[in-house]
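Lettering of chains follows the sequences in order, A, B, ..., and the numbering in each one begins at 1. Computed from a predicted model, the values in this text were never measured in an experiment.
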Number of protein chains: 2
Amino acid sequence: MNIYDIAKLSGVSIATVSRVVNGSPRVSEKTKQKVLAVMEEAEYTPNVFARGLGLNSMKTIGILCPDISDQYMAEAVSHLEKRLHEYGYDCILSCSGSAQEAREHHTKLLLSKRIDTLILVGSLYAGSGKNPGETEYVRAAAQQVPVFMINGYVEGENIYCSYGDDQQGAYDVTQALIRRGKKRILFLYDSQTYSARQKMQGYESALADAGYPILGDLKHYIRPFDMQQPDGAGLSDFSESSSGYMQNKVLYVKEMLLAHRTLEFDSVFACNDGLAVGVLKYARAKGLSVPEELSVAGYNNSTMAVCCEPELTSVDNQVKRLCSDAVDRILKVLQGEEDVEQNHKVRCEIVRRCSTDF
Amino acid sequence: MNIYDIAKLSGVSIATVSRVVNGSPRVSEKTKQKVLAVMEEAEYTPNVFARGLGLNSMKTIGILCPDISDQYMAEAVSHLEKRLHEYGYDCILSCSGSAQEAREHHTKLLLSKRIDTLILVGSLYAGSGKNPGETEYVRAAAQQVPVFMINGYVEGENIYCSYGDDQQGAYDVTQALIRRGKKRILFLYDSQTYSARQKMQGYESALADAGYPILGDLKHYIRPFDMQQPDGAGLSDFSESSSGYMQNKVLYVKEMLLAHRTLEFDSVFACNDGLAVGVLKYARAKGLSVPEELSVAGYNNSTMAVCCEPELTSVDNQVKRLCSDAVDRILKVLQGEEDVEQNHKVRCEIVRRCSTDF
DNA sequence: GTGAAAGCGCTAACAC
DNA sequence: GTGTTAGCGCTTTCAC
C-alpha cells in the first residue's frame with residue numbers, strides 16, 4: 001500500500017495525499033478528511049526510506065557510547081532517547097568500546113547512516129589529553145552533522161558540549177575531607193578520560209589551597225585488571241557482562257589495597273562508586289571503621305552508593321540535566337537556529353551519606 | 001557525491017559502480033580497483049536511503065525495552081548491539097516504559113521504521129498473564145517482521161523466544177533454603193511480569209515438594225512506591241534516574257519491612273537484587289545477623305549483589321546467553337532459513353555468596 | 001486547492 | 001564483464 005494507492009482510493013493525486021500526510025494547510029478540509037479516512041482504513045504507513053531519500057533525512061539521531069551496560073551511560077542514553085522520542089526522533093545506538101580506533105570507526109559508520117546529529121556519550125570521547133590528534137575524528141564528524149558531547153569537551157565548530165563540573169565536584173569533596181581533619185587523602189582513579197583529569201585537577205587544587213602537599217603516591221591509579229583495554233580507559237571489554245566486570249572491579253580494588261602494604265591514607269576520594277565500594281570492602285577486611293578511621297567518597301551517585309555498608313557519600317554528576325540540556329540545543333540546531341550556546345557546564349552536587357560523615 | 005559521479009570519474013556505468021560497492025564477482029579486477037580508488041579518493045559513501053528504498057531494508061533491527069537505564073536490560077541491549085553490529089546490522093533503540101498502551105504504541109512506531117526484526121527485551125512484554133489480549137500486539141507485529149523476545153515467552157507464529165528458566169532458578173534457591181533448615185521463606189516480588197510469575201511458581205513447587213505449606217502472607221508484594229506505575233510493572237517512571245529509583249527502592253523495602261511488624265520469616269527469596277539488598281538493610285537495622293538469623297537470596301546477579309554486606313547469593317539469569325542465542329537465530333531467520341528453533345530455555349545458575357551460606 | 005511531473009540515489013533485470 | 005533502463009515511494013516545484 002503506497003501513496004499511489006491512497007491517491008487512487010481517495011480520488012485525488014499523490015501530491016494531495018503527500019500534503020495531507022505532511023499536514024500542509026493548502027488542502028481543503030473536505031479532501032483532507034477524505035484522504036485521512038482512506039489512510040486509516042487502509043492502515044497506510046508512508047515509506048520512511050522513500051521519504052528519507054526525498055528529504056535526505058530520516059529524523060534519526062546517532063548515539064555513540066563506549067558501553068551501554070555501564071550504568072552512567074545507560075542513564076544518559078535513557079534520558080536522551082526519551083526526550084528525542086518526544087520530538088519524533090529515532091535513535092540509532094552504537095557502542096564503540098574504548099579503543100581509539102574503534103571510536104573513529106563507529107563514528108564513521110554512524111555518519112554513513114545519514115544521521116541528523118551525532119551524540120557522543122561519555123568523557124572518553126574527549127580523549128585522554130595525551131595525543132593531540134585523538135579528537136580529530138570528532139571535528140571531522142562535526143563537518144557533516146552537529147556533534148553533541150555528553151560529559152566531554154572538545155573545542156570546535158559545530159561541536160556542542162554539556163558536562164558536569166567534575167573539577168569543582170572533586171574540589172568540594174577534597175575540601176570537605178580536609179576540613180574534617182583528614183591529612184592523607186587518597187585519590188583513586190582507573191581511567192584517563194577527560195573527566196578523570198578534571199577530577200584530579202580539582203583534588204590537587206583543593207590540596208594546594210589548603211597548603212597541603214600533592215603527593216604522587218596518594219594519586220593511585222588502579223590499572224584496569226582485565227588487561228583487555230587497548231588504551232586503559234578502564235572499561236569492560238564486553239566479552240563479559242558489565243555487572244560481572246564491576247563485581248570483579250570491587251573485589252579487585254579491595255585486594256590491590258590489601259596487598260599494597262606501604263600506602264597510608266586516612267580518607268579516599270574515588271573517581272567512581274565502584275572504586276569506592278572496593279575501598280569499603282578493604283576497610284572491612286582490615287577492620288577499619290568507616291568513617292571514623294577511614295572516610296570514603298565516591299563519584300556518580302550510583303545505585304552502588306546505597307547498597308554498600310555504610311552508604312557512600314558520592315558526587316552526583318547530574319547526567320539527566322546534561323542530557324536534557326543537550327536535547328534542548330539539538331532541537332534548536334536542527335531547526336536552524338543560530339547562535340546556540342556551544343558549551344554548557346553544570347555544577348555537580350555532593351550527596352552526603354555516612355561513609356564520610358561531613 | 002553520488003553513484004553517477006563515481007561512475008563518471010571511473011569511466012564506467014553506475015551499474016558497475018553498484019556491483020563494486022556490493023562486492024559482486026561479475027567485475028574485472030582492473031575496473032574494480034579503478035572504481036575502488038575513485039571511491040576512496042572521493043570519500044564516497046552510498047546513500048543508505050536510496051539503497052533502503054530499493055531493497056526495502058536498511059539492515060536495521062528495532063530493539064524495544066521498558067527502560068534502558070535498568071541494569072538487566074542495558075546488559076541485554078549491550079550484548080545484542082555488539083553481536084548485531086558485527087553482522088552489519090544497526091539498532092534503533094526505543095524505550096517504552098511499562099504501560100500497556102505505551103508498549104503497543106512503541107511497537108507500532110518501530111514497525112513503521114521498516115525494521116528487519118523486532119527484539120523485545122524484558123519479561124514485561126510477555127504480559128502479566130491477566131488480560132488475554134495484552135500480548136496481541138506482539139502477534140500483530142510478528143505478521144510484519146520476525147519478533148524475538150528476550151526473557152519472555154509469547155506463543156505465536158514468527159515469534160521467537162529466549163528465556164531463562166526462572167522457575168527452576170527459584171525452585172533451586174527455595175530448595176536450598178529448605179535444606180538449610182529454613183522454615184518460613186519469604187517470597188518478595190515487586191512486579192507481575194512473566195518472569196515474576198515463573199519465579200513464584202518455582203518457589204511454590206519447591207515448598208510443595210518439601211511438604212511445606214504455601215502461605216499467602218509469605219508471598220509479599222512490594223507495591224512500586226512511586227505510584228507512577230500504570231500497571232504495576234515495578235519499573236522506574238523515568239521522570240527520575242533509574243539509579244535514583246533503585247536507591248529509593250532499597251531504602252523503601254527496608255522501611256516497609258521494618259513497619260510490617262507481624263510478618264515473620266527466617267529467610268528471603270527476593271525476585272531481584274534491589275529487593276534483596278533492601279532486606280539486608282532491614283536485617284542490619286533490626287540487628288539480625290545474615291545468614292545466621294536471616295538468609296537472603298536475590299536474583300539477577302547484578303553489581304548490587306557484591307556491593308552489599310554481606311555479599312548476596314543471587315541467581316544468574318544468563319542474559320548474555322539469551323541474547324547470543326537470539327542473535328544466532330535472528331541471522332538464520334533473516335537469511336531465510338526455515339525451521340529455526342522458536343523457543344529456547346536456558347538454565348539459570350545460583351551464584352552462592354555469604355548471605356545464604358548454603 | 002489541486003495535479004503533473006521531475007527528481008532523490010540506488011538496485012536489479014535485461015541486453016549486449 | 002559491462003551498460004541501459006525501469007522502478008522503489010516519496011517530496012516538491014510549477015502550472016492551472
Enquirer: Going by heavy atoms closer than 4.0 Å, what residues in residues 26-33 of chain B are next to DNA chain D?
Expert: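 Nucleic-acid contacts, sorted: B:Arg26, B:Val27, B:Ser28, B:Thr31.
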Enquirer: Under 4.0 Å from a heavy atom of chain A: give me the 5'-most and 3'-most nucleotides of DNA chain C that qualify.
Expert: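 The contact span of chain A on DNA chain C goes from C:dG1 to C:dG9.
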Enquirer: What is the nucleic acid contact for A:Val12, judged by heavy atoms within less than 4.0 Å: base, sugar-phosphate only, or nothing?
Expert: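 The residue A:Val12 makes sugar-phosphate contact but no base contact.
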Enquirer: Find the distance B:Arg114:CZ to D:dC10:C1' and express it as a whole number of Å.
Expert: 11 Å
Enquirer: Can you list everything that forms a side chain to side chain contact (heavy atoms under 4.5 Å, CB included) with A:Ile14? Sequence neighbours excluded, please.
Expert: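 Counting only residues at least two positions away or on another chain, A:Ile14 forms a side chain to side chain contact (heavy atoms under 4.5 Å, CB included) with A:Ile3, A:Tyr4, A:Ala7.
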Enquirer: Identify, with sequence neighbours excluded, every residue that meets side chain to side chain contact (heavy atoms under 4.5 Å, CB included) alongside A:Cys91.
Expert: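 By the side chain to side chain contact (heavy atoms under 4.5 Å, CB included) rule, A:Cys91 matches A:Ile63, A:Glu81, A:Leu84.
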Enquirer: Return the set of residues passing salt bridge (Lys or Arg N to Asp or Glu O under 4.0 Å) with B:Asp90 (not counting sequence neighbours), or none when no residue passes.
Expert: A:Lys113
Enquirer: Enumerate all atom pairs, one protein N or O and one N or O from nucleotides 11-13 of chain D, separated by less than 3.5 Å.
Expert:
{"from": "D:dT11", "atom 1": "OP1", "to": "A:Asn22", "atom 2": "OD1", "distance (Å)": "3.3"}
{"from": "D:dT11", "atom 1": "OP1", "to": "A:Asn22", "atom 2": "ND2", "distance (Å)": "3.0"}
{"from": "D:dT11", "atom 1": "OP1", "to": "A:Arg51", "atom 2": "NE", "distance (Å)": "3.0"}
{"from": "D:dT11", "atom 1": "OP1", "to": "A:Arg51", "atom 2": "NH2", "distance (Å)": "3.2"}
{"from": "D:dT11", "atom 1": "OP2", "to": "A:Ser18", "atom 2": "OG", "distance (Å)": "2.6"}
{"from": "D:dT11", "atom 1": "OP2", "to": "A:Asn22", "atom 2": "ND2", "distance (Å)": "3.4"}

Enquirer: Under 3.5 Å, which donor-acceptor pairs link side chains of residues 33-49 of chain A to any protein atom two or more places apart or in another chain?
Expert:
{"from": "A:Gln33", "atom 1": "NE2", "to": "A:Glu29", "atom 2": "OE2", "distance (Å)": "2.7"}
{"from": "A:Asn47", "atom 1": "OD1", "to": "A:Phe49", "atom 2": "N", "distance (Å)": "2.7"}
{"from": "A:Asn47", "atom 1": "OD1", "to": "A:Ala50", "atom 2": "N", "distance (Å)": "3.0"}

Enquirer: What residues, two or more places apart in sequence or in another chain, satisfy salt bridge (Lys or Arg N to Asp or Glu O under 4.0 Å) together with B:Asp328?
Expert: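 In terms of salt bridge (Lys or Arg N to Asp or Glu O under 4.0 Å), with neighbours along the sequence ignored, B:Asp328 is linked to B:Arg83.
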Enquirer: List for me each residue that meets ring pair (Phe, Tyr, Trp, His ring centres under 6.0 Å) alongside A:Tyr163, sequence neighbours excluded, and say none if there are none.
Expert: A:Tyr153
Enquirer: For the residue pair A:Asn343 and A:Glu341, what are the closest heavy atoms and their distance?
Expert: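 Heavy-atom minimum between the residues: O-OE2, 3.3 Å.
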Enquirer: Which residues pass the side chain to side chain contact (heavy atoms under 4.5 Å, CB included) test with A:Ala141, not counting sequence neighbours?
Expert: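 In terms of side chain to side chain contact (heavy atoms under 4.5 Å, CB included), with neighbours along the sequence ignored, A:Ala141 is linked to A:Thr107, A:Leu111, A:Leu118, A:Val147.
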Enquirer: Compute whether any side-chain donor of one residue and acceptor of the other, for B:Ser128 and B:Glu134, lie under 3.5 angstrom apart.
Expert: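 Indeed, the side chains of B:Ser128 and B:Glu134 share at least one donor-acceptor pair under 3.5 Å.
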Enquirer: Indicate yes or no: at least one non-hydrogen side-chain atom of A:Tyr160 is less than 4.5 angstrom from one of A:Pro146.
Expert: yes
Enquirer: Between the two end axes of the helix from C:dG1-D:dC16 to C:dC16-D:dG1, each built from 5 base pairs, what angle do you get to the nearest 10°?
Expert: 30°
Enquirer: Could you tell me the separation between the CE atom of A:Met39 and the P atom of D:dC10, rounded to a whole number of Å?
Expert: 11 Å
Enquirer: Does A:Asp116 have any side chain to side chain contact (heavy atoms under 4.5 Å, CB included) partners at least two apart in sequence or in another chain, and if so, which?
Expert: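 For A:Asp116 the side chain to side chain contact (heavy atoms under 4.5 Å, CB included) partners, ignoring immediate neighbours, are A:Ser57, A:Lys59, A:Tyr89, A:Leu334.
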Enquirer: Let me know the distance between CZ of A:Phe49 and C1' of D:dG7, rounded to the nearest Å.
Expert: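 About 17 Å, once rounded to whole Å.
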Enquirer: Counting N and O atoms only, with roles assigned by atom type, does the side chain of A:Ser69 sit under 3.5 Å from a partner on the main chain of B:Ala74, one being a donor and the other an acceptor?
Expert: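 Absent.
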